[in-house]
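Below is one structure, written out as structure tokens, with a few remarks after it.
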Protein chains: 2
Amino acid sequence: MSLDNGMFRPLIHVTQIFLTTDLKVRYALYSLLRALSKVCKVKNLTLEEIGKLAGVSRATVSRVINDYPYISPEVRERVQRVIAETGYQPNMIARSLASDRSNIIGLVIPSQAYAVFTDPYFPRLIQGVSQASNQYKLTLSLFLFHSREEEDFTMKSILNTGLIDGLIITADRKEDSIIPRLLRHHMPFVVIGRPDTTPEKVNFVDTDNVAGARMATEHLVSLGYERIGIIATDENTAGDDRLHGYVATLEEHGIAIDDKLITYGDFSVQSGAQAMKELMPEQPDAVFVCSDSMALGAMTVLREAGISVPDEIAIVSFDDLPPATQTEPRLTTVRQPISQTGQMAVELLRKLISSDVDHPVHTILPNQLIIRSSCGAAQIKNLHDYIDKNVVIDV
Amino acid sequence: MSLDNGMFRPLIHVTQIFLTTDLKVRYALYSLLRALSKVCKVKNLTLEEIGKLAGVSRATVSRVINDYPYISPEVRERVQRVIAETGYQPNMIARSLASDRSNIIGLVIPSQAYAVFTDPYFPRLIQGVSQASNQYKLTLSLFLFHSREEEDFTMKSILNTGLIDGLIITADRKEDSIIPRLLRHHMPFVVIGRPDTTPEKVNFVDTDNVAGARMATEHLVSLGYERIGIIATDENTAGDDRLHGYVATLEEHGIAIDDKLITYGDFSVQSGAQAMKELMPEQPDAVFVCSDSMALGAMTVLREAGISVPDEIAIVSFDDLPPATQTEPRLTTVRQPISQTGQMAVELLRKLISSDVDHPVHTILPNQLIIRSSCGAAQIKNLHDYIDKNVVIDV
DNA sequence: ATATTAGTTGAGAGCGCTCTCAAAGATAAG
DNA sequence: CTTATCTTTGAGAGCGCTCTCAACTAATAT
């Protein structure tokens, strides 16, 4: 780039300024450089230059930075001082090229479902993944897709350009999952939520949806409810597992399963409202709603119909996200450790990337039942009966 | 890595397989490679190897890929065929190192405010940014911070390691903004929302909050309301601008500003409820609530108090996010083009990165007034009076 | 005493790309 | 036919790191 085209553009790169061997001159040049950096973008220092400043070779500086043993204390100290003084940080891209590892992981959300941008579940999950990424000095890339062509194109580049070390997949489709493709490319990845196909070959982190649904249903049964409906979801395995937990619990208690009491939504508020409208003619005395968002919709419908919660119908939901404490009455719900799920996924992915894992790992995190007002427990039962590590009373 | 440690680990890297000059042998080797790739991770092809397969040099392949002119049609065709057959994609990291450009941009959310993970505004914004990033083949990195130390550390690495080409900043703090730091480092960046300090030096994309608030307030005034309250926010410039539009409009109509009718929230549902409780003793006949989320909280409080919307109090809000159509009555609200804001930010950032922009650019996108039921317009006015490009009637 | 080992450093060869430069052939102009 | 210009290609020098190898010193074993 010549100086005359676009005078004073903030991109004049200054290199090779440290080639002189006189230490005083070098330090003078460094001050100059610092002054210059106030005006324009100055090229970052390199290992070589730090080496020159510290009077050692590039290799030695690299060793100090990467905590290799076998460096004399004096040299290490000298190099570290220069690094501290200059604020040097190694160029990630060069490092990636040389080490064949970018320290960039991707969070992929293949589904284009409306709920992905609506349900507070995802921000929370992203927060957990982000926090763990920061902690482990990984750069987190986010991949959302707005059409199948876009997904196809972007996935191709993720898999072939070598930029991404590994992936975390969430909200995958049941049909046409992207998992086989990842498996084929031998890309390290962790799925959040139980994969629908070949879970045995896949590393995943999930919460114990069956046990969570069992707790919720058991709670309703123990409170004496008998016509217990469910608003499940049929587009993902979490919904399947929760439905399964519900069915199993009722059967254990000898309560017949009534298909008319089983409805489905898609995690959105509207779908919860819709499902509750389907359920009302069946006159359930309690409903296990498989997400807080759907419970929000369901409760709005009940209020409009003048049906009181929990007096005429009890509600227990799933997630324990902010909406759960903003309803009237506040929701009894199964708390998922969402942020922790994201963190565990990152930790597992790290192990996969460094080949520390030989066989697929399945991490299942426990859920808790949070008892508030929507289930009617306060009116009926002595709450002290519920003292249990998996139950929190927050009436 | 030796073969005997951890047999068949999927990381055996195969290189230099194309060194032979006999074309038939080379193709045979390629088939072998493909078979091998079913079993283990095979090193990606390189420019050099594609060149060998096409019988040209690395430089020529690079030219084909980067659409340089001055390539003979036959050579271009031949190279493209090899690329298509092999599915070759250039290694992004090597490309970044050589070109000093990573094509990675960062989305930074410095604020640790609760609302960031709660207000549906952010998912929508992220969606817009992501969509434009995909479109322009940029990789989007997400930077959320959970503590000041984490922010400090991560920003340092963003600014010094050369991984990130440019940043999009949103939800910046008013106090202790990160903008000066970015300016000092000459990092290309675009702010979403008007920056509080030195906006003249900063590239930003914002929606026209003043005009939006004017439309909302004007609408309420034109419907005959006289005691018009506001739930603003004081932690960011969007709130300032909306308050400003509200005040200006009332003054223009000769309506005295009553400080008791001005309250503040923080975009959360709870804060909206809280503010409405403060407002109720003042008996406003209409309230301009500066976000849908806060309007949600406000309307819950009103319903609990048995105050009917819009019969006893009219509500107009801001955002037009999903909650706006899920309330009863549905919200009259100022629609922000949130996704488009994110897209514009990416487009502007691209220009900044390639130094196509000399002076700071300020893009202000127009908002629309969406008239639904919560303002009482349906009962009072002939809606056809509102035919205007900035007004949508959706009663 | 010498041989061996451990500790400490630098030289230098990559990683897979981009981009400049020069060379060679083709074409147009004199 | 020569000279100038345009088109087309390859060689090769980086980009800023990592990592192997070899060299040298100092400490320990034989």
Side-chain angles (χ1 to χ4, degrees), chain A residues 1-2 11 13-19 42-79 83 86 88-103 157 160-163 165, chain B residues 1-2 13-18 43-52 54-79 83 86 88-103 157 160-163 165:
Chain A
M1 174 181 284
S2 68
L11 276 167
H13 283 194
V14 181
T15 42
Q16 306 299 347
I17 204 164
F18 292 105
L19 285 181
V42 168
K43 203 173 173 73
N44 285 333
L45 293 174
T46 67
L47 265 193
E48 195 75 47
E49 287 157 358
I50 296 296
K52 289 231 170 68
L53 283 173
V56 295
S57 75
R58 173 169 32 107
T60 300
V61 181
S62 175
R63 289 190 183 99
V64 171
I65 288 171
N66 295 298
D67 280 330
Y68 273 94
Y70 305 147
I71 303 233
S72 69
E74 314 89 75
V75 169
R76 161 168 287 129
E77 205 274 327
R78 189 146 38 97
V79 171
I83 291 174
T86 56
Y88 168 78
Q89 296 204 248
N91 180 308
M92 280 305 286
I93 292 175
R95 176 180 273 207
S96 302
L97 182 60
S99 64
D100 200 26
R101 190 128 299 170
S102 67
N103 291 312
S157 110
N160 293 318
T161 60
L163 218 209
D165 282 350
Chain B
M1 174 180 285
S2 66
H13 284 193
V14 179
T15 41
Q16 305 300 347
I17 204 166
F18 292 105
K43 200 174 175 74
N44 286 333
L45 292 174
T46 68
L47 266 194
E48 196 76 47
E49 288 156 358
I50 296 296
K52 288 231 171 69
V56 296
S57 75
R58 172 170 31 109
T60 300
V61 181
S62 175
R63 288 189 184 102
V64 172
I65 287 171
N66 294 298
D67 280 329
Y68 273 95
Y70 303 146
I71 303 233
S72 69
E74 314 88 78
V75 169
R76 160 167 290 129
E77 206 274 329
R78 189 147 36 99
V79 171
I83 290 175
T86 56
Y88 168 78
Q89 295 203 249
N91 180 307
M92 282 304 287
I93 291 175
R95 178 181 272 206
S96 303
L97 182 60
S99 65
D100 200 24
R101 190 128 299 167
S102 67
N103 291 311
S157 111
N160 293 319
T161 60
L163 217 209
D165 282 349

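The chains referred to below are lettered A, B, ... by the order of the sequence lines, with proteins before strands, and numbering in each begins at 1.
- Looking only at distances, no side-chain donor or acceptor of B/E77 sits under 3.5 Å from a matching main-chain atom of B/E74.
- Applying the side chain to side chain contact (heavy atoms under 4.5 Å, CB included) criterion to B/S96, with sequence neighbours excluded, gives A/I93, B/S102.
- Nucleotide C/dG16 holds its C1' atom 8 Å from the CZ atom of B/R58, rounded to whole Å.
- A/N91 has its side chain out of reach of A/N44: every pair of non-hydrogen atoms, C-beta onward, lies at least 4.5 Å apart.
- Of the candidate nucleotides D/dC19, D/dC17, C/dT18, D/dC19 has the atom nearest to the side chain of A/A59.
- In terms of modelled atom types and a separation under 3.5 Å, the side chain of A/R58 and the main chain of A/L47 share no donor-acceptor contact.
- To the nearest 0.5 Å, atoms CG (B/L163) and CE (A/M92) are separated by 5.5 Å.
- Residue A/Y68 contributes atom OH, which lies 19 Å from atom P of C/dA6 at whole-angstrom precision.
- For B/A94, the listed nucleotide lying nearest its side chain is C/dC17; candidates were C/dT18, C/dC17, D/dT18.
- Between A/E74 and B/L97, the residue anchored closer to the 5' end of DNA chain C is A/E74, taking for each the nucleotide with the nearest heavy atom.
- Of the candidate nucleotides D/dC19, D/dG16, C/dT18, D/dG16 has the atom lying nearest to any side-chain atom of A/T46.
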Give every pair of a protein N or O atom and an N or O atom of nucleotides 6-9 of chain D that lie under 3.5 Å apart, one pair per line with the distance.
from	atom 1	to	atom 2	distance (Å)
D/dT7	OP2	B/Y70	OH	2.9
D/dT9	OP1	B/S72	OG	2.9
D/dT9	OP2	B/S72	N	2.9

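- Every residue meeting the side chain to side chain contact (heavy atoms under 4.5 Å, CB included) condition with A/R63, not counting sequence neighbours, appears here in chain and number order: A/A59, A/T60, A/Y68, A/I71.
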